[in-house]
There are 2 protein chains.
Amino acid sequence: MTRHTRYRGRVTRTNSRRTSRRAVYETLRRKVLTLELPPGAALSENELAASLGVSRTPVRESLILLVEEGLVQVFPQVGSFVSRVDPDKVADAQFLREAVELASLEDLPAELDPELVGELRRNLDQQHRPGLTVEDFFALDEEFHHGLLQLAGHGSAWATVVSAKGHLDRARRLGLQETPPEGFADQHVEIFEAVLSGDVAGARAAMRTHLRAVFDDVEAIRERSPELFASASGAVPVRRNVVVWE
Amino acid sequence: MTRHTRYRGRVTRTNSRRTSRRAVYETLRRKVLTLELPPGAALSENELAASLGVSRTPVRESLILLVEEGLVQVFPQVGSFVSRVDPDKVADAQFLREAVELASLEDLPAELDPELVGELRRNLDQQHRPGLTVEDFFALDEEFHHGLLQLAGHGSAWATVVSAKGHLDRARRLGLQETPPEGFADQHVEIFEAVLSGDVAGARAAMRTHLRAVFDDVEAIRERSPELFASASGAVPVRRNVVVWE
DNA sequence: CGCGCAGTACTTGTATACAAGCATCCGTCG
DNA sequence: CGACGGATGCTTGTATACAAGTACTGCGCG
């Protein structure tokens with residue numbers, strides 16, 4: 001059956017259309033990660049839809065994705081809630097990122113991409129700029145770790161790490177409100193210097209120290225603000241009265 | 001403002017209700033991973049809904065989750081397709097699982113959980129049973145690797161690995177149609193013996209060899225069946241005529 | 001004052017209707 | 001015969017309606 005038109009070959013262009021769901025998803029995710037929506041807060045699909053000016057559909061689909069990331073819990077016929085920070089999940093994320101980031105250091109090529117190296121340098125400079133807000137430092141921190149993975153050719157593994165470390169991030173963000181980031185910035189420099197000099201073992205050691213320090217920081221937070229963390233066994237959502245902490 | 005009833009404390013029971021979306025999601029995911037829905041196949045929300053006897057809603061929500069896992073691609077106003085196996089994503093999954101599984105071996109406790117050890121033993125026995133189907137071996141393989149992670153207290157990291165290794169699994173499944181699994185089963189035994197004897201370095205070496213062998217297997221597949229793999233740059237979905245491979 | 005019980009309001013899950021956009025088909029024209 | 005162009009059908013995105021189920025509220029009773 002010969003066809004007149006073969007190879008119409010319409011290469012479907014970019015799939016990144018500005019869709020309503022994407023906007024809602026990003027908004028909600030940001031609010032959860034920045035604790036603007038605190039752990040335990042009740043999320044009503046209807047309320048969110050109304051406040052965001054959309055229907056339930058994109059809101060609901062966004063919540064499904066956030067559930068997948070562990071940032072939200074949905075109880076059928078009961079309600080949706082920002083999940084409390086789960087210490088087990090924090091530890092899982094810590095293990096995962098440590099495994100991934102340390103392993104990537106073993107795959108660093110002999111010749112580092114000069115462009116990436118330049119970006120990382122500028123990034124580190126900014127990290128030491130005085131008067132940096134917590135949010136700014138966080139963004140730089142993310143970019144730095146992502147950049148290191150890219151340097152080893154494993155940049156796409158970062159997406160997996162990101163989607164798994166939501167619980168870790170929320171705890172950290174809270175901690176950085178009090179702990180100044182200078183120490184972490186210095187550790188970043190130490191890691192980077194080792195990477196530049198080709199000292200894989202040194203880079204691994206520095207990275208491990210750094211990540212462990214971040215993790216210990218979280219443990220300290222937990223002692224000061226246990227309300228944000230989940231207790232053992234399933235949490236107890238209460239629909240209205242978001243009594244979360246006191 | 002005193003309230004009459006405090007601590008109503010209705011602990012919301014299990015959230016694992018048998019929902020329609022869950023069933024659809026699991027069905028679709030299984031069909032994609034087992035290649036019953038081959039890479040490149042067109043998925044119509046309407047058709048799927050009709051054939052599964054539900055409305056578009058649960059189908060659509062399932063597809064969103066599958067997109068998140070990279071198993072499906074959705075092009076707005078064009079169509080949804082089972083994603084072709086992307087060599088880059090296969091490599092990413094390989095890197096991730098290697099990093100995680102090797103790192104977990106470092107965290108093995110001195111005293112191994114005897115119950116888990118027993119399970120793993122039985123698992124390995126079954127792997128060597130003759131007449132094993134590919135699907136059976138796959139299930140055992142998954143259980144074995146998951147069990148090893150549990151042995152080190154990192155069982156929950158398996159979920160992340162699973163959600164990232166869909167592309168790797170599809171390629172492997174195709175390969176195992178021809179390559180008998182005996183070799184892999186023997187490697188599993190070797191890893192397990194090293195773990196039991198507390199030989200972390202040996203276990204790491206054996207595990208690395210094993211995972212690399214699996215990966216190389218995938219490369220061999222690709223040469224024989226390039227149709228299932230994505231070419232460089234964005235794939236070209238065609239709505240009707242699922243010309244996928246000639 | 002405390003408790004129990006029924007009604008009500010709200011929740012999420014699912015089904016359906018409508019909107020916007022793209023690919024295909026087929027007639028027309030060169 | 002080949003190429004162009006508009007009508008048509010199908011696609012996903014979004015909005016809305018309905019269903020099933022739960023928690024909260026307030027009344028009546030002991």
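Computed from a predicted structure; not experimentally measured. Within every chain, numbering begins at 1; the chains are lettered A, B, ... in the order of the sequence lines, protein sequences first and strands thereafter. Excluded from the calculations below are hydrogen atoms, water molecules and symmetry mates; all remaining heavy atoms, backbone and side chain alike, are included.
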- Item | Distance-only donor-acceptor test (3.5 Å): side chain B/Arg56, base D/dG13 |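 Side chain to base: pair found, below 3.5 Å.
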
- Item | Check: D/dT11 base within 3.5 Å donor-acceptor of B/Gln77 side chain |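 It does not, because no donor-acceptor pair links the side chain of B/Gln77 to the base of D/dT11 below 3.5 Å.
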
- Would you mind classifying the nucleic acid contact of B/Leu43 as base, sugar-phosphate or nothing, using non-hydrogen atoms under 4.0 angstrom?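 Counting heavy atoms under 4.0 Å across all strands, the contact made by B/Leu43 is with sugar-phosphate only.
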
For [X] and [N], what is the distance between atoms [atom1] and [atom2] respectively, to the nearest whole Å?
| X | N | atom1 | atom2 | result |
| --- | --- | --- | --- | --- |
| A/Asn46 | C/dT14 | CG | P | 16 Å |
| A/Arg18 | C/dA20 | CZ | P | 19 Å |
| B/Leu48 | D/dT12 | CG | C1' | 13 Å |
| B/Leu52 | C/dT14 | CG | P | 13 Å |
| A/Phe75 | C/dT12 | CZ | C1' | 13 Å |
| B/Glu61 | D/dT12 | CD | P | 15 Å |
| B/Arg22 | C/dT14 | CZ | C1' | 17 Å |
| A/Glu47 | C/dA9 | CD | C1' | 13 Å |

Would you tell me if any nitrogen or oxygen in the side chain of [X] comes within less than 4.0 Å of OP1 or OP2 on [N]?
| X | N | result |
| --- | --- | --- |
| B/Ser55 | C/dA15 | yes |
| B/Ser20 | C/dT14 | yes |
| B/Ser80 | D/dT12 | yes |
| B/Arg60 | D/dG13 | yes |
| A/Ser44 | C/dT11 | yes |

- Relative to A/Phe184, does A/Arg172 satisfy both conditions: NZ or CZ under 6.0 angstrom from the six-membered ring centre, and within 45 degrees of the ring's axis?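 Satisfied, under 6.0 Å and within 45°.
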
- Message: I'd like to know if the side chain of B/Thr133 pairs up with that of B/Asp136 as donor and acceptor (distance under 3.5 Å, no hydrogens or angles considered).
- Response: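 Short answer, yes.
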
- Item | Any side-chain donor near an acceptor of the partner, B/Asn123 and B/Gln127, under 3.5 Å |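 B/Gln127 and B/Asn123 do have a side-chain donor-acceptor pair below 3.5 Å.
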
- Item | Heavy-atom side-chain proximity of B/Asp92 to A/Thr160 below 4.5 angstrom |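 When only atoms from C-beta onward are counted, A/Thr160 and B/Asp92 do not touch, as no gap falls below 4.5 Å.
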
- Quick one: pull up CD in A/Glu61 and CG in B/Leu63 and give me the separation to the nearest 0.5 Å.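 Taking CD in A/Glu61 and CG in B/Leu63, the distance rounds to 10.5 Å.
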
- The side chain of B/Thr19 lies closest to which of these nucleotides: C/dA15, C/dG13, D/dA15?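 Taking heavy atoms from C-beta onward, the closest nucleotide is C/dG13.
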
- Minimum-distance nucleotide to B/Val78 side chain [options: C/dT12, D/dT12, C/dC22]: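 Of the options given, the side chain of B/Val78 lies nearest C/dC22.
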
